[in-house]
Amino acid sequence: QVQLDESGGGLVQAGGSLRLACAASGRILSGYAMGWFRQAPGKEREFVAAIRWSAGTTYYADSVKDRFTISRDNAKNTVYLQMNSLKPEDTAVYYCAVARWLTSWPHRYDYWGQGTQVTVSS
């Protein structure tokens, strides 16, 4: 069983930056991946980025590539999402999740956090 706790959301102006953190309790196996998703009101949950826990291989949605960076600290069992050059369309609830392999499909993720709100004002 894995529990995930996101933090770092908030209100920021367009062009600004935020760093989200997701602390995991429980064992993350080396081959697993941790991902970030987001969901805006009235929209489906969409993939943002993912990282393989052991190798550090990363995978990004085209909409955030070159603006967002996912990283992990294995010792702290924590994954981060550094978000730069934020846009109003990045406004959403951001969720972290754990999957058995690196994927962008939300139904492949077994454990989910409660989410943290990110609001980008224009």
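Both Met83 and Val12 belong to a single network of hydrophobic side chains, linked directly or stepwise wherever heavy atoms of I, L, V, M, F, W or Y lie under 4.5 Å apart. The cluster map of Ile, Leu, Val, Met, Phe, Trp and Tyr, joined by side-chain heavy atoms under 4.5 Å apart, puts Leu20 and Tyr59 in different clusters. By the criterion of side-chain heavy atoms lying less than 4.5 angstrom apart, applied directly or through intervening Ile, Leu, Val, Met, Phe, Trp or Tyr residues, Met34 is grouped together with Val2 in one hydrophobic cluster. Transitive grouping of hydrophobic side chains (ILVMFWY, heavy atoms separated by less than 4.5 Å) keeps Trp112 and Val79 in distinct clusters. No chain of hydrophobic side-chain contacts below 4.5 Å, direct or via other Ile, Leu, Val, Met, Phe, Trp or Tyr residues, connects Tyr80 to Val118.
Judged by distance alone, with hydrogens and angles left aside, the side-chain atoms of Asn74 form a donor-acceptor pair with the main-chain N or O of Trp53 at under 3.5 Å. No donor-acceptor pair under 3.5 Å is formed between the side chain of Thr116 and the backbone N or O of Tyr94. Checking side-chain atoms of Tyr95 against main-chain N and O of Glu6 turns up no donor-acceptor pair under 3.5 Å. Checked by atom type and distance alone, the side chain of Thr78 pairs as donor or acceptor with a backbone atom of Lys76 at under 3.5 Å. For the pair Arg108 (side chain) and Leu102 (backbone), a donor-acceptor distance under 3.5 Å is absent. In this structure, Tyr60 contributes its side chain and Ile70 its backbone to a donor-acceptor pair below 3.5 Å.
How far CZ of Arg38 is from CD of Glu46: 4.5 Å, rounded to the nearest 0.5 Å. In this structure, the separation between CZ on Arg72 and CG on Asn77 is 11.5 Å, given to the nearest 0.5 Å.
A cation-pi geometry, defined here as NZ or CZ lying under 6.0 Å from the six-membered ring centre and within 45° of its normal, does not hold between Arg45 and Phe37.
For the residue pair Ala14 and Ser122, the shortest heavy atom distance occurs at CB-CA, 4.4 Å. Considering every non-hydrogen atom in both Asn84 and Ser17, the closest pair reads OD1-OG, 2.9 Å. Val93 and Gln117 make their closest contact through CG2-OE1, 3.2 Å (heavy atoms, listed as atom of the first residue, atom of the second, distance). Residues Ala50 and Tyr109 come closest through the heavy atom pair CB-OH, 3.5 Å.
Counting heavy atoms from C-beta outward, Pro106 and Gln39 have side chains that stay 4.5 Å or more apart. Using a 4.5 Å cut-off on side-chain heavy atoms (C-beta onward), Asp90 and Arg67 make contact. Within the 4.5 Å cutoff, no side-chain heavy atoms of Phe47 are placed close to those of Thr103.
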Legend entry - Stepwise side chain to side chain contact (heavy atoms under 4.5 Å, CB included) check, Phe68 with Leu86: CA-CA 9 Å; Phe68 291 9; Leu86 282 161; 3.8 Å; yes
Legend entry - Pair Asp110-Val98, side chain to side chain contact (heavy atoms under 4.5 Å, CB included): steps then yes or no: CA-CA 6 Å; Asp110 299 314; Val98 174; 5.9 Å; no
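A donor and an acceptor atom, one from each side chain of Asp5 and Gln3, are nowhere located under 3.5 Å apart.
No more than 12 heavy atoms of other residues, nucleotides or ligands shown are found within 6.0 angstrom of CD on Gln114.
One finds a salt bridge joining Lys65 and Asp62 here, because a Lys/Arg side-chain nitrogen approaches an Asp/Glu carboxylate oxygen to under 4.0 Å.
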